[in-house]
Amino acid sequence: MLDQMEDMTSPCGVIFDLDGTLIDSIGGIAATVNRMLLSEGLAAMPQAEVQSYVGSGLPALVARVASARGIPVARRPALVARLEADYTSRPTGEDALYPGAVAALTALAETGHPLAICTNKPLRPTHAVLDGTGLRRFFRGVIGGDSLAVRKPDPAPLITAWRVLGTARAIYVGDSGVDARTAEAAALPFVLFTQGYLNAPRESIREAAAFSDFRDLPGLISRLCAVS
């Protein structure tokens, strides 16, 4: 009984998606995709179209872009490697952070919530982004799209991030239908950031709470942890 009471009063872990949740990275992603297309002698792609293809990891992004532009399947592995190297070599800076994200992370850390990242972005560019934005200091664990043999919406990456935190309870914060399905499969409460890259009908998202302003997140997490 005492252990159960401690579980309910101890801070729960908070796991974050990265792109579209903590950073507005679509401009850099679209620019990288278009450099790849231009190198293949193809026309650039509108940013909105690129955004519609993100969320399921780098191989899926390349596959969708390649399919839309008629690039042969055999070329895709080389393009995945090229895209990752190009994106990693161009550091994402603090200007990509959503307003208030750092203050929210600071508040959560100061109130004892251990934090982690669970993203479909490969680990190399993920670490480059965390270094370039100054976010690395906040996170106890980082699970990327190539950390395991599977990616979100398979629940394994999210469950792995939760295990790294070592908490009895956890909450997942993300911006997309992929994130929502991942949290549901892992049986974790999902908090939706509504200003990200949803790429799914809003009514299809099953969330415990939603927010559009990071100033609201610490209080929202506190309330959810009290009842989860």
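For the residue pair D179 / T182, no side-chain donor-acceptor distance below 3.5 Å is found, with atom types taken as modelled. Side-chain N/O atoms of R35 and T32 include a donor and acceptor closer than 3.5 Å. In summary, the side chains of N199 and Y53 do not present any donor paired with an acceptor at a separation below 3.5 Å, with no hydrogens or angles considered.
Of the residues D17, D19, D175, D24, the one that meets the side chain to side chain donor-acceptor pair (under 3.5 Å) test with Y197 is D24. For the side chain to side chain contact (heavy atoms under 4.5 Å, CB included) criterion with K121, the lone passing option out of L61, V54, L18 is L18. When I171, L165, V164 are each tested for a side chain to side chain contact (heavy atoms under 4.5 Å, CB included) with I15, only one passes: L165.
Side-chain atoms of N120 come within 3.5 Å of backbone atoms of G55 as a donor-acceptor pair (strictly under, hydrogens ignored). The backbone N or O of P218 sits nowhere less than 3.5 Å from a side-chain atom of S222 that would complete a donor-acceptor pair. Side-chain N or O atoms of R76 include none that pairs as donor or acceptor with a backbone N or O of V62 at under 3.5 Å. Side chain of S147 to backbone of G144: a donor-acceptor contact under 3.5 angstrom is found. Using modelled atom types, one side-chain atom of R151 and one backbone atom of G145 make a donor-acceptor pair closer than 3.5 Å. A donor-acceptor distance shorter than 3.5 angstrom exists from the side chain of T111 to the backbone of A107, with no hydrogens or angles considered.
Put simply, V191 and I117 are part of the same group of oily side chains (I, L, V, M, F, W, Y) that touch within less than 4.5 Å, one to the next. One hydrophobic cluster holds both L135 and Y87 under the rule that ILVMFWY side chains link at heavy-atom gaps under 4.5 Å. Residues V50 and M36 share a hydrophobic cluster, clusters being chains of Ile/Leu/Val/Met/Phe/Trp/Tyr side chains in contact below 4.5 Å. No continuous path of ILVMFWY side-chain contacts below 4.5 Å connects I159 to F190, so the two sit in separate hydrophobic clusters. Under the 4.5 Å side-chain heavy-atom criterion for Ile, Leu, Val, Met, Phe, Trp and Tyr, L58 and L79 are members of the same hydrophobic cluster.
L105 has its side chain within reach of F139: a pair of non-hydrogen atoms, C-beta onward, lies under 4.5 Å apart. A 4.5 Å side-chain heavy-atom check between L198 and L192 finds at least one atom pair inside the cut-off. Counting only heavy atoms from C-beta outward, the side chains of K152 and S176 never approach each other to under 4.5 Å.
C12 and P114 make their closest contact through O-CD, 3.9 Å (heavy atoms, listed as atom of the first residue, atom of the second, distance). For the residue pair V178 and S56, the shortest heavy atom distance occurs at CG2-OG, 4.0 Å. When all heavy atoms are compared, the tightest approach of A200 to I205 is CB-CD1, 4.3 Å. Closest approach of A209 to L220, counting heavy atoms only: CB-CD2, 3.6 Å. When all heavy atoms are compared, the tightest approach of L188 to A170 is CD2-O, 3.5 Å. The shortest heavy-atom contact between P153 and A185 is O-CB, 4.3 Å.
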Exercise. What do the steps show when you test E49 against R64 for salt bridge (charged side-chain N to carboxylate O under 4.0 Å, His left out), and what is the final call?
Worked result: CA-CA 10 Å; E49 184 177 0; R64 291 164 182 168; over 6 Å; no
Problem set entry | Chi angles and distances behind the side-chain contact (heavy atoms from CB on, under 4.5 Å) call for T126, V129 | CA-CA 5 Å; T126 294; V129 167; 5.8 Å; no
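Between F214 and F193, the ring-plane angle classifies as tilted under the 30° and 60° cut-offs.
In this structure, OH in Y172 is found 15.0 Å from CD in E207, a value given to the nearest 0.5 Å. Between the CD atom in Q47 and the CD1 atom in I29 there is a gap of 9.5 Å [rounded to 0.5 Å]. For the atom pair CG (L217) and OG (S212), the distance works out to 11.5 Å, reported to the nearest 0.5 Å. Atoms OG1 and CG, from T160 and L148 in turn, are 4.5 Å apart once rounded to the nearest 0.5 Å. Residue T21 holds its OG1 atom at 9.0 Å from CZ of F16, rounded to the nearest 0.5 Å. Once rounded to the nearest 0.5 Å, the distance linking CZ of F211 with CG of D213 reads 9.0 Å.
Atom CZ of R136 is surrounded by more than 12 heavy atoms from other residues, nucleotides or ligands within 6.0 Å.
Salt bridge annotation for D86-R90: present, with a cationic side-chain nitrogen under 4.0 angstrom from a carboxylate oxygen. The residues R69 and E40 are annotated as not salt-bridged, no charged nitrogen and carboxylate oxygen being separated by less than 4.0 angstrom.
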